[in-house]
Amino acid sequence: MSAPSLPSRFEPREIEARWQRAWSEAEIFRAPERPAGTPFSFILPPPNVTGVLTLGHMLGNTVMDLLARYHRMSGRPTLWVPGVDHAGLATQVAVRRALSKEGVRLENLPPEAAIAQVEKWRAAHEARIREQTLAGGFSVDWSRYRYTMDPASVRATREAFVRLYRDGLLYRAERMVNWDPRLRTALSDLEVTHSEETGSLVYLQYPWADGSPGGLEVATVRPETIFGDVAVAVHPDDARQASALGREVLVPITRRPIPVITDPAIDPTFGSGALKVTPRHDLVDYEVFQRHPGLPMPPDVIDEGGRLASDWVPEGLRGLDRDSGRLETLDRLRSEGYVLREVPYRHSVARSERSDTVVEPRLSTQWFVRVGPLAEPAVRSVREGRVRIHPDRWTLTFYRWMETIQDWCISRQVFWGHPIPVYHCTPCGHDTVTVDVPEKCETCGASEIVSDPDVLDTWFTSWLWPFAALGWPESTSDLAHYYPTNVLVTGRDIMFFWVARMMMAGEHFTGRAPFSDVYFTGMLRDETGRKLSKSLGNSPDPLDTMRERGADAMRFALLFPNPTDEDGPFGGHTLEGGAHFLTKVWNLVRFTLMNVPAGTPPPGGPPVLSLSSPLEHRWILSRWRRTAEEVDRALAAFEPSRASTALYTFVWRDLADRYVEIVKESLLGRQGEPAAREARETLLYVVERTLRLLHPIAPHLTEELWHAVPHDGELLATARWPAATEAPADPVAELEMETVLETVRLLRNLRAEEHVPLETVPPAWIRPGGPEVARLLERERGTLERLARVHPIEFLAPGATAPAQAASRVAILGECYIERPLSGAEASEALQKERGKIAALLEKTRARLSDEGFRARAPPEVVREAEEKARELAERIGRIDEHLKAEASSSP
Ligand SMILES: [Zn+2]
């Protein structure tokens with residue numbers, strides 16, 4: 001096999017598209033129907049068709065692809081199931097918003113036309129999501145692509161509903177729910193956000209019904225709800241209110257008499273200590289109401305659209321929406337003398353996550369999942385270690401939420417979603433609940449049955465996904481072979497919405513946890529620390545990012561600076577870092593190819609080295625082995641960032657900057673052909689195996705480079721993951737190389753201190769600290785000379801004196817000297833030149849450091865390095881200036 005040369009520039013676009021096609025044509029990501037060996041399987045969290053993929057999605061996908069490619073190369077049959085989520089309410093809201101910009105109200109369209117509009121939206125976004133996924137090079141199994149509203153998902157969703165209903169874990173009840181009056185639907189607790197806002201606490205006087213002067217002081221933030229009052233409640237032990245007990249007061253304006261009641265739940269320190277009881281529009285009030293069976297149930301005084309309604313509301317106010325209704329009611333209360341005082345008041349306001357409207361607590365009949373019995377086995381699976389959460393500090397958050405979990409409201413009053421499979425019989429009132437759409441009532445046989453008008457919360461389908469996407473409730477071969485899945489990778493923001501619920505569903509419907517590991521990715525932030533978001537304009541479409549820099553650079557930038565459990569920065573600097581690294585790998589392989597003659601066989605295993613083989617070969621093999629071990633460990637522990645950092649350090653520092661520098665001479669044949677061959681074999685072996693290690697992170701680049709170097713096999717994507725133990729560990733070589741590199745550092749520092757111009761190669765002297773160091777350094781003289789750019793090195797005997805014209809450095813391993821550069825006018829000139837170079841470098845470094853974005857978000861060690869460099873450069877300039885000044889004053 002010949003080794004073709006590579007173009008000098010790395011052009012990701014052409015390369016990436018080409019390999020994506022090759023992988024697709026070879027169908028290598030299609031998991032076998034009957035896997036041999038232990039499979040590795042997982043689902044792609046189906047992205048919502050509400051929008052397209054963000055960089056946050058790309059982070060999750062990159063981590064998943066890293067795992068998929070790693071396990072596939074390790075020989076495990078690997079299944080990664082892609083799909084998209086219909087995202088019920090969220091999608092309907094997105095379409096509604098888009099249409100309203102064109103002046104069309106979604107609600108006013110006939111049902112078929114409305115559905116068609118949402119379908120059109122869905123198709124467009126689904127196509128875009130698919131395009132983005134392909135462009136990222138993610139190795140999903142497209143032959144198993146699923147949609148949460150495809151026929152199999154419909155069946156799974158209905159089956160789950162029916163089973164829970166029959167098991168008594170699903171019920172319909174009138175409950176106080178979170179109501180979104182703009183979207184006119186119930187929401188689950190999780191779809192509500194809470195924020196502190198300033199309102200006004202209004203103190204009202206409810207006159208005594210018997211006509212005696214004065215009245216009872218009642219404080220409220222919602223005066224527009226007084227028309228739905230059925231009582232005023234005080235605490236039974238509240239002495240201030242003792243005289244009010246047993247009496248009646250009048251509701252202001254409408255002057256309807258209501259009783260004063262006592263209830264232990266009333267907080268006597270809040271407001272006046274008297275609470276108006278409006279059972280249909282407040283949860284606490286509803287609970288008080290339930291404890292007092294004698295009270296009448298009022299009508300809704302705020303309707304489903306958020307307007308004042310019913311004949312309990314005075315005519316002039318009826319029909320107003322709640323905001324203007326509040327103002328008008330207050331005006332009336334003020335002008336009729338009911339208002340005692342108004343004070344500003346900070347309180348928590350609940351808003352709909354979907355429409356940002358203030359949520360209206362509303363007594364409403366809805367479907368609920370009884371969550372308590374489902375939560376128990378899910379919590380147990382974590383406590384018993386059958387499910388592990390990474391990073392594990394999220395385990396506590398999981399427990400806390402599961403312990404206080406409330407029943408889940410699953411019915412939504414929207415049209416986009418799975419219909420609730422309940423059919424109400426008009427003649428006998430029975431509800432038929434079945435998977436297949438029934439033709440008649442199962443009890444009386446009447447055909448006058450009406451299907452439930454509501455649809456299901458979108459998560460009622462998603463929580464089934466790890467098994468539904470594999471074919472449940474059918475006993476499919478995929479379910480038998482690939483379930484339970486191995487891992488779930490997702491954002492921690494949907495831990496409760498989704499992860500916890502999947503765990504409950506998995507235990508209930510399949511008797512097993514749906515996955516054994518959960519990995520939460522961090523949140524991406526921009527370089528000034530803000531969360532990436534479309535509305536801030538700091539979240540580019542990943543397709544643009546990939547077009548500009550390539551998918552591999554994006555993947556590397558997402559993984560590298562993102563310490564496993566922390567929020568990571570993403571932006572120009574990280575992308576640039578990713579692209580630089582890939583170019584470094586490209587150049588490393590180009591260098592290798594220039595030194596590997598055509599016809600060189602692929603490296604079957606590591607070259608056989610002996611103790612007398614050059615140190616650098618033994619060292620790089622050992623370093624490669626440690627890197628491979630670290631990558632294995634990091635991936636087993638779900639620490640993708642650690643894996644990429646290990647590879648980055650090895651490739652950049654050890655392999656490209658050190659090893660290649662050292663072996664250049666031997667590769668050129670200057671030390672004879674046997675030495676050249678040993679260097680070639682070692683370099684080729686390490687490079688080929690490193691491409692394999694890098695493949696899961698940068699699949700396109702490595703596939704391209706792997707085909708350029710001598711290799712065995714069709715595609716790198718299906719090549720074997722190298723065993724770390726393949727290469728020999730050599731602690732002696734590592735220790736020796738450390739001593740050599742330490743000496744190089746000393747010599748380099750001397751060069752810097754003495755302002756030796758870059759192109760000058762001065763002679764140096766070393767007085768080793770002991771006979772062993774002496775033997776080592778003398779043997780590695782060539783390496784020292786090349787890396788420190790000094791020549792020749794002369795070793796001084798213990799008693800010998802160093803030349804007078806030398807500067808020295810002392811360390812444990814010995815003393816180093818280099819020749820001082822010239823003096824006089826020639827030296828000053830050279831120094832001036834050097835100073836100019838250093839000043840330019842310093843300016844560049846300082847500009848970088850003064851970039852707030854860089855400082856805020858670059859990895860801390862990179863910032864530290866830059867700061868150190870700036871300090872060092874400034875010191876060097878200072879020393880040069882001193883030197884020049886001394887020269888100037890000493891010359892006549
Ligand atoms: Zn019936």
Side-chain angles (χ1 to χ4, degrees), residues 86 88-89 92 107 110-112 114-115 148-177 179 183-188 279-280 286 290 293 296-300 303-305 310 362-374 406-461 463-464 468 472-474 504-505 508-509:
H86 66 284
L89 179 56
Q92 188 170 323
E107 294 80 2
E112 302 76 37
I115 296 258
T148 56
M149 270 169 86
D150 63 23
S153 300
V154 169
R155 167 137 174 93
T157 304
R158 295 176 71 97
E159 179 80 27
F161 188 100
V162 172
R163 285 199 198 178
L164 287 175
Y165 182 76
R166 294 193 179 147
D167 294 343
L169 292 168
L170 203 150
Y171 62 94
R172 179 164 50 188
E174 187 176 56
R175 288 284 168 84
M176 191 61 69
V177 298
W179 184 265
L183 301 174
R184 300 189 179 213
T185 179
L187 303 169
S188 72
R280 295 198 75 91
Y286 180 60
Q290 284 178 309
M297 179 52 97
D300 278 328
D303 69 10
E304 56 176 27
S310 93
R362 184 178 156 87
L363 199 56
S364 158
T365 300
Q366 303 288 346
W367 287 95
F368 295 87
V369 172
R370 200 184 305 284
V371 181
L374 297 175
Q406 302 290 313
D407 283 0
W408 173 18
C409 175
I410 54 167
S411 40
R412 297 288 178 276
Q413 288 68 52
V414 294
F415 65 80
W416 183 243
H418 289 276
I420 291 184
V422 173
Y423 303 84
H424 186 73
C425 174
T426 319
C428 85
H430 176 76
D431 283 333
T432 302
V433 179
T434 53
V435 174
D436 298 315
V437 178
E439 281 170 7
K440 48 190 205 285
C441 169
E442 63 186 357
T443 306
C444 75
S447 55
E448 294 95 336
I449 51 171
V450 186
S451 53
D452 192 295
D454 293 347
V455 302
L456 288 162
D457 182 1
T458 191
W459 299 101
F460 192 84
T461 304
W463 78 327
L464 311 171
W472 184 90
E474 307 298 330
M504 295 192 266
H508 185 74
F509 294 112

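As the structure lists them, so they are numbered: ligands from 1, and atoms in each ligand from 1. Owing to the predicted nature of the structure, the values given are computational and were not obtained by experimental measurement.
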With sequence neighbours excluded, tell me which residues meet side-chain contact (heavy atoms from CB on, under 4.5 Å) with [X].
X	value
P111	none
R280	E174, M297, P298, D300, L363
P419	none

How about the Zn ion (ligand 1), which protein N, O or S atoms come within less than 2.8 Å?
C425 SG, C428 SG, C441 SG, C444 SG

May I ask you to check whether S153 and T461 show a side-chain donor-acceptor distance below 3.5 Å?
no

Taking D407 for the side chain and V371 for the main chain, is one N or O donor matched with an acceptor at less than 3.5 Å?
yes

Short side-chain to backbone donor-acceptor contact, W408 and S188, under 3.5 Å
no

